[in-house]
Structure formats: structure tokens, C-alpha cells
Protein chains: 2
Amino acid sequence: MTRKQEIIDTAKTLFRERGYKSVSMRDLAKVIDFKAASLYNHISSKEEILAEIVLDVARYFTHEMNIIKSLNVDAKTQLEGVIKHHVDLTINNPEAIAILNNDWMHLEGKHLEDFKMMRDTYENDLRSIITQGIEHKEIAFQNIDIILFSLLSTLRTLHLWYRKRSDLSENDLKKDITDILLKGILVKS
Amino acid sequence: MTRKQEIIDTAKTLFRERGYKSVSMRDLAKVIDFKAASLYNHISSKEEILAEIVLDVARYFTHEMNIIKSLNVDAKTQLEGVIKHHVDLTINNPEAIAILNNDWMHLEGKHLEDFKMMRDTYENDLRSIITQGIEHKEIAFQNIDIILFSLLSTLRTLHLWYRKRSDLSENDLKKDITDILLKGILVKS
DNA sequence: GTCTATACCCTGATAGAC
DNA sequence: GTCTATCAGGGTATAGAC
């Protein structure tokens with residue numbers, strides 16, 4: 001692991017616990033037994049650390065969504081795929097998801113622009129899947145935005161709950177979350 | 001409106017937009033055409049402003065939950081009541097809900113303790129309602145914590161979505177949210 | 001690549017004149 | 001009750017020795 005990666009990993013933990021704005025470069029340096037000035041040999045600014053954390057996850061979500069879109073399967077299967085990769089990421093990188101949720105607003109300039117673009121594209125792609133599901137009568141409930149909102153609310157805050165209930169196996173979690181999110185949406189078959 | 005209330009109302013807007021830690025007392029003072037020092041004639045610290053905002057909402061939720069518990073109605077009706085007062089508060093005080101979600105961790109001492117106590121009590125009350133619903137066969141899905149999590153995730157982040165879709169009437173929002181949250185949980189009748 | 005020293009600015013908060 | 005002046009501390013970041 002490079003020094004830069006060590007800095008980012010440490011920042012992930014601290015940013016999640018206390019929030020980006022509440023963690024100083026001195027705090028960060030202390031954890032890895034450095035002086036704050038030394039951090040700047042590996043990163044160019046505090047905001048760069050935030051951007052690496054947040055944009056990395058955002059790119060991952062974008063990538064996964066593109067795979068799902070390319071599969072040419074029905075809406076239900078696509079939604080299952082979306083839920084699956086949210087759960088995967090929640091388990092493998094909960095800090096990054098928490099930071100993305102809470103501190104994306106502290107990105108600056110092009111980082112902020114890129115983030116918003118990826119987020120909006122992701123939401124639009126998901127909306128398209130839902131619309132398709134309604135057209136093909138796979139989805140019963142008619143209000144597209146409410147479905148979109150309800151799905152994303154649950155998936156984006158999953159990390160808060162997995163923390164308390166990490167005794168749940170990955171597979172059980174996937175099954176239960178998929179059940180509760182889709183059974184209310186899908187036409188009973 | 002007292003001066004103190006004016007300060008708190010202004011803080012609500014700023015804290016929501018930029019986060020508690022990113023808003024300085026000078027920022028706050030500037031908006032209401034004050035010098036920062038003058039704020040301290042009305043409030044004793046920055047954290048007191050946060051506490052007033054957050055604990056106010058927390059007390060409101062606690063109060064509403066106590067009313068619902070006292071009603072002696074079935075679980076479905078109780079859940080509808082919970083959803084209703086979340087929607088009410090989202091429409092009437094979205095800033096406070098956003099700040100509660102994002103910045104409660106910056107409360108200190110007794111304020112922090114009180115907040116956590118009220119939050120935990122609320123979650124336990126809601127869990128009891130769900131448990132009761134399962135026992136009385138009103139609720140089909142069996143995993144109590146997943147139901148609790150899914151409900152609260154959606155209700156707590158409703159403010160993010162109402163902002164974008166404030167064209168929705170209050171009643172339509174209540175109906176649609178109640179539908180999507182309960183139809184997946186309740187036994188088809 | 002890490003350190004010490006430090007620049008420069010912003011922070012919450014207080015003292016005391018008016 | 002508002003102001004000016006100020007304090008003590010902490011923020012990000014850089015310069016330059018080693």
C-alpha cells in the first residue's frame with residue numbers, strides 16, 4: 001500500500017466518524033504518526049483527499065449502472081442488479097458511501113461538477129429502468145419519482161444500518177432488502 | 001419574532017445549505033446585518049443554536065409518538081400516523097430535519113445525551129409497533145429490523161425529495177408515501 | 001520524504017465603550 | 001443591545017533544513 005493510499009484510508013475512517021469539516025490535517029497526520037506538513041508530499045490538498053474518496057465511489061456506481069443497462073434484461077432483473085451492487089458497496093466500502101452522502105457538498109470546482117454530473121446521470125438511468133418497468137407492467141405503482149426516491153433513500157442509507165446489524169450475512173441482507181423494496185412495487189405474479 | 005428566533009431561523013437556512021461546521025458566527029451575523037459579537041447577547045454559544053434546532057424537532061417527534069402510542073389502534077393505523085407526522089414535519093420544517101440528520105453529531109454534553117436518548121426511544125417505540133403488527137398478522141414480512149430501517153430511511157430523507165418535487169400537494173405526498181411504504185409490508189387484504 | 005518553523009487567515013468568544 | 005477591539009487557538013498550506 002502506498003503512503004497516499006494509507007492517508008486516504010485513514011481519512012475515510014476519520015471523515016466518516018466526525019465529518020470532513022471537523023477533521024483537520026493535524027488530526028489526520030497524528031493517526032498515521034506524521035506531521036501535518038508531511039502529508040503534502042503525497043497529496044496536494046485536503047479537498048483532493050475528499051475528491052479521491054467520493055469520486056471513486058461515484059465512478060464505481062456509474063460503471064455498474066452501465067453494465068446493468070447493457071444487459072438487455074427486464075426491469076425487475078435490472079432493479080435487482082442495482083440493489084445488489086448497492087449492498088456490495090455498502091459492505092465493502094461503507095465509509096466512502098457515508099462520506100459521499102454527507103460531504104459531497106464540500107467538493108470544489110471540477111470535482112463538484114463531475115460528482116453532480118455522475119449523480120444526476122445515475123438517477124436518470126434508474127428512472128428509465130423504473131419507467132420501462134411500468135410500461136411493461138412489471139411495476140404496479142405509478143408514481144415514478146416516489147419509487148425512485150424510496151429506493152434510493154433506502155439504498156443510500158443502508159450503511160447506517162449494516163453497521164448496527166453486521167451479524168446479518170451478505171446474502172441474507174441482499175435477499176431481505178430486495179424483498180422489501182420490490183414486493184411493494186412489483187405486480188403480484 | 002424575537003431576535004433570538006431570528007438568529008435561529010437564519011441559522012436553520014445556513015446550516016442546512018452548508019453544514020453546521022462550515023457556517024461561522026460571522027457568516028450568520030452578516031445575513032442579519034449584525035456583528036458577530038452581538039449575537040452573544042441573544043445566545044450563549046454556537047452549539048446552543050444547533051441544540052435549539054435539533055432538540056426542538058426531536059421533542060416534537062417524541063411528543064407525536066406518545067400520542068400515537070396512547071391511541072389504542074391497530075398497527076397499520078399507528079404506522080399511518082407515524083408516516084403522517086413525518087410528512088407534516090418535512091413540509092413545515094425541512095431545514096430542521098436536514099440539520100438533525102446531518103449535524104446531530106456536533107451536539108455536546110447533555111444536549112448530545114438527550115438527543116440520543118430521544119432517538120433511541122423513538123426507534124424502539126416504532127419497533128414495538130412493527131412487532132405488534134407482525135403478532136396480529138397485519139404485517140407479512142418478518143424481518144423487524146429491515147422494516148424499521150426501510151421505513152425510517154425513507155421518512156428521514158423525505159426532505160431531500162420534497163425540495164425537488166414541491167409541486168406535489170401535501171395530501172398526494174402523504175397518500176403516495178404511505179402506499180409505497182405499507183403496501184410492501186402489509187398482508188394483502 | 002520528513003521535519004521544524006512559520007505565514008496567513010479564520011474560528012468562537014469576551015471586554016468594555018457607547 | 002450593538003459596537004470596536006481583541007484574545008487565544010486552530011485552520012490549510014508553504015519554505016527550506018536535513
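Letters go in sequence order (proteins before strands), and every chain restarts at 1. Quantities reported herein were computed from a predicted structural model and do not represent experimental measurements.
When the C1' atom of D:dG10 is taken as reference, atom CG of A:L28 falls 16 Å away, rounded to whole Å. The separation between A:D27 atom CG and D:dA13 atom C1' is 16 Å, rounded to whole Å. If you measure from atom CG of A:L14 to atom C1' of D:dG11, you get 16 Å, rounded to the nearest angstrom. Rounded to whole Å, atom C1' of C:dG1 lies 15 Å from atom CG of A:D33. As a whole-Å value, the separation of A:H106 NE2 from D:dT12 P is 13 Å. One atom, CZ of B:F34, and another, C1' of D:dC3, lie 11 Å apart when rounded to the nearest Å. As a whole-Å value, the separation of A:I32 CD1 from C:dG1 P is 13 Å. Atom-to-atom, NZ of A:K35 to C1' of D:dA17 comes out at 16 Å; the value is rounded to the nearest Å.
Ranking D:dT4, C:dG12, D:dT14 by closeness to the A:Y40 side chain, first place goes to D:dT14. Taking the side chain of B:A37 as heavy atoms from C-beta on, and the options D:dT12, D:dT4, C:dA13, the nearest nucleotide is D:dT4.
Between A:S44 and A:R26, the one whose closest nucleotide on DNA chain D sits nearer the 5' end is A:R26.
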Apply side-chain hydrogen bond (donor to acceptor under 3.5 Å, both in side chains) to B:T77 and B:D74, showing your working.
-> CA-CA 6 Å; B:T77 308; B:D74 63 16; 2.5 Å; yes
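At least one cation-pi condition fails for A:K110 and A:F115: the charged atom is not both under 6.0 angstrom from the six-membered ring centre and inside a 45 degree cone around its axis. For the pair A:K21 and B:Y20, the cation-pi test (distance below 6.0 Å, angle within 45°) is failed.
Counting all heavy atoms, side chain and backbone alike, B:F15 lies closest to B:D103 at O-OD2, 4.3 Å.
A close approach under 4.0 Å does not occur between any side-chain nitrogen or oxygen of A:S24 and OP1 or OP2 of D:dG10. Considering only side-chain N and O atoms, A:S38 lies under 4.0 angstrom from the phosphate OP1 or OP2 of C:dC3. Within the structure, a side-chain polar atom (N or O) of B:K46 is placed less than 4.0 Å from OP1 or OP2 of C:dG12.
B:T10 is not listed as a side-chain neighbour of B:I7, based on a closest heavy-atom distance of 4.5 Å or more.
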